[in-house]
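From a predicted model like this one, the values you see are computed outputs, not experimental measurements. Just the heavy atoms: all of them, side chains too, but no hydrogens, waters or symmetry mates, feed the values below.
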Amino acid sequence: MKKKVKKKIVYYEDKGETIYSMAALEGKTPEEKEEEEKRRKNVPLIMGTERRAMIKAAFAVYGPLLLICIGAFAVAALLSFLWLS
């Protein structure tokens with residue numbers, strides 16, 4: 001009778017090679033992914049004071065519009081409350 005020889009399992013170490021690009025999982029081709037990374041590197045850095053100034057300007061522009069929308073909903077809610085009671 002011959003004994004069955006069990007094959008020894010050999011594990012290979014990861015060498016860091018890319019077998020398949022995972023960029024396609026995000027819905028992008030590898031070329032589009034590279035272009036996006038290049039664009040991201042070319043974006044200028046914004047300092048904290050500049051960022052605060054931009055946020056302050058956005059609130060100055062959109063703040064009144066936001067308050068008008070909130071006021072309009074409040075008036076509509078008040079009128080519906082008075083009409084239904």
- Got a sec, which hydrophobics cluster with Leu66, joining ILVMFWY side chains under 4.5 Å apart, including via others? Ile70
- Atom pair SG/CG of Cys69 and Leu67 - distance to nearest 0.5 Å: 9.0 Å
- Sort and list the pairs that fulfil salt bridge (Lys or Arg N to Asp or Glu O under 4.0 Å) and have at least one residue in residues 36-50, not counting sequence neighbours. Lys28-Glu36, Glu36-Arg40
- Assess whether atom CG of Leu84 is packed by more than 12 heavy atoms of other residues, nucleotides or ligands within 6.0 Å. yes
Which side-chain N or O atoms in residues 54-63 pair as donor and acceptor under 3.5 Å with protein atoms at least two apart or in another chain?
none

